[in-house]
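Shown next, in structure tokens, is the structure this report addresses.
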Amino acid sequence: MWTGVFPAVTTKFTANDRLDHAEMERCYSLQMEAGCDGIIVCGSLGEGPMLSPDEKIEVLKTAQKVAGGKPVLLTVNEPGTREAASIAKRAAREGADGLMVVPSPIYHTNPEETVAALRAVAEAGDLPVMIYSNRLAYRVDVTVELMEELATDKRFVAIKESSDDIRRSTEIINRLGDRYDLFTGVDNLAFEALSVGAIGWVAGLVTAFPRETVAIYQLMRQGRREEALAIYRWFRPLLDLDVSTYLVQNIKLAEVLAIGTNDRVRMPRQPLSGERRKAVEKIVRDALAMRPTLPLLQASPRSTDRLVAAE
């Protein structure tokens, strides 16, 4: 059902902490213009846990305005299953194309509870679901065994694999074949995951560097591994910014320098400052100074009538 680069987009705020829909439209449009294949809103990078249910739906609608018919998924990351089911129902009513569902980030469910909660949300929304498996950030491991158990429900269509163990991708494919659309969710393991069979990338640094992200993905799909690897090696210091407690602030600062937006975040987060800010700025500025020239690429299968080229 889903393949390609799906940005986990940031949520933009005004100076008085309201949603900045105009800036989100601008930034999300850059993703679509670069050839991304979908959008995921209100995830960890999108500060979903800091948004009210009404705000989440507003962000969803803003993404839908610029997606051009490509899938827009809403992240379900509520602490309670009742609340998760409620937002899933609302997302379906508002025309979301699917859900990315996180096990409760507050209560660390056991395997039986994990399966029951995921099933409850899928049933409530009755939409295609991408299961977000991230045992490091959320301390709940959606194991291959649990994926196999959930495979009996056709609403579970994809996996965002973020276990930080590249072996897991092969284990999923060996056990389940192509039952799930396998996405990598760790930026600095993307090349490795695409090498062993992932067909999608839920990306973070793409919000600041969309064309480079799309180029790596498309080159890998076209079998042009060495060209992809050269870009990936340049990209790697930036991609490491995604694997951090400060990933939101890191990536929003990268957006400031790369696409001219702001790095406002919602408290208790605060924008980077002091030596930490200087260090991230140096990484981004160094990368910008050495930004590679990208090859001309055939667009993704959904838009093969046009070409994607570097600016």
Side-chain angles (χ1 to χ4, degrees), residues 2-8 30-31 33-38 40 45 134 136 158-174 178 181-244 247 250-251 254-255 257-259 279-280 282-304 306-311:
W2 297 322
T3 62
V5 176
F6 280 47
L30 295 176
Q31 306 298 301
E33 292 165 8
C36 292
D37 300 281
I40 299 178
L45 182 54
N134 188 336
L136 296 183
I159 303 293
K160 179 184 176 184
E161 209 303 284
S162 299
S163 70
D164 204 40
D165 182 352
I166 193 60
R167 292 170 294 191
R168 177 68 67 86
S169 295
T170 298
E171 290 165 3
I172 293 169
I173 294 169
N174 282 351
D178 61 358
D181 300 331
L182 179 59
F183 280 65
T184 179
V186 181
D187 267 2
N188 63 4
L189 280 178
F191 180 87
E192 293 82 352
L194 293 169
S195 296
V196 297
I199 63 170
W201 181 359
V202 179
L205 267 298
V206 66
T207 64
F209 295 91
R211 293 186 182 276
E212 289 83 357
T213 307
V214 170
I216 290 169
Y217 176 81
Q218 291 187 6
L219 287 167
M220 290 296 288
R221 296 294 284 177
Q222 294 170 26
R224 297 161 66 182
R225 182 182 180 279
E226 292 304 317
E227 293 173 89
L229 182 57
I231 301 168
Y232 185 70
R233 285 173 174 161
W234 162 85
F235 211 176
R236 176 59 192 274
L238 292 163
L239 298 178
D240 290 347
L241 298 175
D242 181 55
V243 187
S244 166
L247 78 141
N250 289 346
I251 293 174
E255 289 180 318
L257 299 172
I259 63 171
V280 173
K282 184 178 187 308
I283 291 170
V284 179
R285 292 189 190 280
D286 287 352
L288 288 169
M290 299 293 292
R291 200 167 192 171
T293 299
L294 302 181
L296 192 67
L297 295 168
Q298 186 66 42
S300 62
R302 292 187 180 87
S303 55
T304 52
R306 64 185 179 85
L307 294 176
V308 177
E311 289 185 331

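The closest side-chain heavy-atom distance from R224 to P295 is below 4.5 Å. Residues L238 and I283 meet the side-chain proximity criterion, which asks for heavy atoms closer than 4.5 Å. Between L294 and P292 the shortest side-chain heavy-atom distance falls below 4.5 Å. In this structure, the side chains of T184 and S169 stay at 4.5 Å or more apart for every pair of heavy atoms. When side chains are defined from C-beta on, Q222 counts as touching L297, because their heavy atoms get closer than 4.5 Å.
Side-chain contact check for E255 and T207: at least one donor-acceptor pair (N or O, by modelled atom type) lies under 3.5 Å.
Y217 places a side-chain N or O within 3.5 Å of a backbone atom of G4 that can act as its donor or acceptor partner. Within the 3.5 Å criterion, the main-chain N or O of V206 finds a donor-acceptor partner in the side chain of Q31. Not one N or O on the side chain of E171 forms a donor-acceptor pair closer than 3.5 Å with the backbone of I173.
Rounded to the nearest 0.5 Å, atoms CZ (R233) and CD1 (I216) are 12.0 Å apart. Going from atom CG of L257 over to atom CG of L288 covers 6.5 Å, rounded to the nearest 0.5 Å. Taking CG of L45 as the reference point, atom CD1 of I40 lies at 11.0 Å (rounded to 0.5 Å). To the nearest 0.5 Å, the span separating CD1 on I231 from CZ on R211 amounts to 13.0 Å. Atom-to-atom distance recorded for D240:CG and N188:CG is 4.5 Å, nearest 0.5 angstrom. With rounding to the nearest 0.5 angstrom, the CD atom of E161 is 10.0 Å from the OG1 atom of T170.
Residues passing the side chain to side chain donor-acceptor pair (under 3.5 Å) test with D181: none are found, sequence neighbours excluded. F209 pairs by the ring-ring contact (aromatic ring centres under 6.0 Å, His included) definition with W234, F235, not counting sequence neighbours.
Taking each heavy atom of V214 and G35 in turn, the nearest pair found is CG2-C, 4.0 Å. Between I259 and A208 the shortest heavy-atom distance is CG2-O, 3.7 Å. The two residues G38 and P7 come nearest to each other via the heavy atoms O-CD, 2.8 Å.
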Next item on the list: Would you sort out whether N134 and V186 count as a side chain to side chain contact (heavy atoms under 4.5 Å, CB included), showing the intermediate values?
Entry: CA-CA 9 Å; N134 188 336; V186 181; over 6 Å; no

Side-chain donor-acceptor pairs under 3.5 Å in residues 189-202, sequence neighbours left out?
unit_1: E192; atom_1: OE1; unit_2: Y232; atom_2: OH; d: 2.8
unit_1: S195; atom_1: OG; unit_2: F191; atom_2: O; d: 2.8
unit_1: W201; atom_1: NE1; unit_2: D187; atom_2: OD1; d: 3.0

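Salt-bridge check for E212 with R291: passed, with a basic side-chain N closer than 4.0 Å to an acidic carboxylate O.
Annotation: N174, atom CG; neighbour count of heavy atoms from other residues, nucleotides and ligands within 6.0 Å is above 12.
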